[in-house]
Amino acid sequence: MTAKWTKLTVATVLATLVFGASIAEAAGVLTIGRREDGTTFDPIKTAQNVDNWVFSNVFDVLVRVDKTGTKLIPGLAESWTVSDDGLTYTFKLRDAKFSNGDPVTAEDAAFSILRIRDNPGSLWADSYKIVDTATAADPKTLVIKLTGPSAPFLASLALPNVSVLPKKVVEDMGEDAFGEAPIGSGAFAVKEWRRGDRVILVKNPDYWDAANVSLDGVEWISIPDDNTRMLKVQAGEIDTAIFVPFSRIAELQKDPNLKIHLDTSTREDHLLINHEHGALAKKEVRQALDMAIDKKAIVDAVTFGLGEVAYSYIPKGALYHYADNLQRPYDPEKAKAMLADAGAADLKLNYVVNAGDEVDEQIAVLLQQQLAKAGVTVDLQKVDPSQSWDMLIAGDYDISVMYWTNDVLDPDQKTTFVLGHDSNMNYMTRYNNPTVKELVGAARVEMDPKKREQMYIDLQKMAKDDVNWIDLYYSPYRNVSRANIENFDQNPLGRFFLEDTKKN
């Protein structure tokens, strides 16, 4: 995210005055407890799940990923064809409308694709530089021409951040205002965004498949403290909650009024490292830190057997995951010697921790204790989860645990974002390896599957050697719902299919 909007639009303020209290009391309104508030409704200006998971039901994309997380299926595009040379993609759009009643046109789709490619605020530009032109052959026919063949291109169109936006509305409102009060073509429309509290969505009667949407609305409610969020769902004050602490899963599974959802995920938790801060710029120092961390002890202590040690940025089960990637042994004494040899014997690190996140806080204490055995002093700085992202962007940290879930099927998305990116400083790590960046670009356009797989194996090896970050563990999604809620699930890429959710 490169910008954070702080001013409510007039429309939002008026909505607050008119609608006043929560609509959660209404029949068929699903309430979801989440940790932090969103940052923006402008899809190109965020890379956070807290935003993308809402986008998927407010906006729509040309191509979707199915519930198994393994196949591409039609979205706003009913069908598509690809030219023999792999350079021209032609999409036929279905009859769909935005929530203001305007038709979704090929011009809107072209505008959205060129915007994510060209807008200075786009965090995703690199993945779409392959696009040469995007034009509307007619109101329902979109033609995209690429500068060269691109293996991940079709998959990249399922990214929530390249959702189709209404061109005229964005231009008339301006980006800042649209980011606060958007218009989309998804199953739900934004009725009100109460900063720091909740996002209130209502069923979009103009959604192309509205007849099959059961819910009248959805409220995403910010409840930062894990314990409070669990208590509220146990008491029936909210219908569902995400990010169930590992320590509470067994207990909650015994409650007949609740359902625990442990959905297969592409989630990887990792320790971000700010490569621009002092000794952290040295590869040998980062390698020593990797060796000073006992990942198995972390997995055992915090995931209660539900997680497993991570050793590659491409998660298990994902395309081109390298199962034989290097796993440095836990050896605090050797790590201590390596730090001394690198001139970092008295290393002190500022560790930004998400306050109220039970797992993050527990990991922080464990890492502090483990790194101390290698002579590293770690100062824990607990901050509100809504602040930590801005601190990472500003570089106001040395280390911080974060997590990533894939948004598309192809590894190019994550690889570009964490190893080969400019606009987001490689996921705020400031990692910079020109050779790696060049290979990231080459892998994107390599059409031979075997050659491409080898490129991603090499990238996983190079990332591990450089220690772009420290891989910690893989784990499932952990959500809870009241027993009367049906179809509250995530696919491996994180999408909630709220258009299918029912409240009995």
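Judged purely by distance below 3.5 Å, without hydrogens or angles, the side chains of Thr39 and Asp51 pair a donor atom with an acceptor atom. Side chains of Asn52 and Gln48: a donor-acceptor N/O pair is absent below 3.5 angstrom, by distance only. In this structure, a donor-acceptor pair under 3.5 Å is present between the side chains of Thr416 and Arg444. For the residue pair Asp108 / Thr105, a side-chain donor-acceptor distance below 3.5 Å is found, with atom types taken as modelled. Between the side chains of Gln460 and Ser312, at least one donor N or O sits under 3.5 Å from an acceptor N or O. A donor-acceptor pair shorter than 3.5 Å cannot be found between the side chains of Gln413 and Asn406. Judged by distance alone, the side chains of Asp466 and Asn468 never bring a donor and an acceptor atom under 3.5 Å apart. A donor-acceptor contact closer than 3.5 angstrom links the side chains of Asp138 and Thr141. Between the side chains of Gln490 and Asn479, at least one donor N or O sits under 3.5 Å from an acceptor N or O. Residues Asn491 and Asp66 have side chains that never bring a donor and an acceptor to within less than 3.5 angstrom of each other. Side-chain atoms of Ser185 and Lys97 include no donor-acceptor pair closer than 3.5 Å. Asn354 and Ser388 share a donor-acceptor pair across their side chains, judged by distance under 3.5 Å alone. A donor-acceptor pair shorter than 3.5 Å can be found between the side chains of Thr70 and Thr68.
Under the 6.0 Å cut-off for aromatic ring centres, Tyr427 and His270 qualify, their centroids lying closer than that. For Tyr322 and Tyr456, the distance between ring centers is not under 6.0 angstrom. Between Tyr313 and Trp469, the ring centre distance reaches or exceeds 6.0 Å. Ring centers of Phe41 and Trp193: under 6.0 Å apart, within the cut-off. Aromatic pair His261/Phe496: centroids not less than 6.0 angstrom apart.
A salt bridge links Arg194 and Glu192; the closest N-O separation between the charged side-chain nitrogens and carboxylate oxygens is under 4.0 Å. Taking 4.0 Å as the cut-off between side-chain N and carboxylate O, Glu308 and Lys316 count as a salt-bridged pair. Comment: Arg248 does not engage Glu358 in a salt bridge, judged by the lack of any side-chain N to carboxylate O separation of less than 4.0 angstrom. A salt bridge links Arg115 with Glu175: at least one charged nitrogen is closer than 4.0 Å to a carboxylate oxygen. A salt bridge between Lys168 and Asp102 is absent, with no side-chain N of the basic residue lying under 4.0 Å from a carboxylate O of the acidic one.
Judged by the 6.0 Å and 45° rule, Arg495 forms a cation-pi pair with Phe497. Remark: Arg267 qualifies as a cation-pi partner of Tyr403 under the 6.0 Å distance and 45° angle criteria applied to the six-membered ring.
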Item checked: Pair Asp489-Lys67, salt bridge (Lys or Arg N to Asp or Glu O under 4.0 Å): steps then yes or no -> CA-CA 9 Å; Asp489 305 295; Lys67 289 187 177 183; over 6 Å; no

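Of the candidates Val359, Asp263, Thr303, Leu252, Arg478 forms a side-chain contact (heavy atoms from CB on, under 4.5 Å) with just one, namely Val359.
Of the inter-residue distances, the one linking Leu165 atom CG with Glu171 atom CD reads 11.0 Å to the nearest 0.5 angstrom. In this structure, the separation between CH2 on Trp53 and CG on Asp407 is 9.5 Å, given to the nearest 0.5 Å. Atom CG of Asp360 is separated from atom CG of Asp226 by 8.5 Å, given to the nearest 0.5 angstrom.
Asp95 is listed as a side-chain neighbour of Lys140, based on a closest heavy-atom distance under 4.5 Å.
The two residues Pro449 and Tyr320 come nearest to each other via the heavy atoms O-OH, 3.7 Å.
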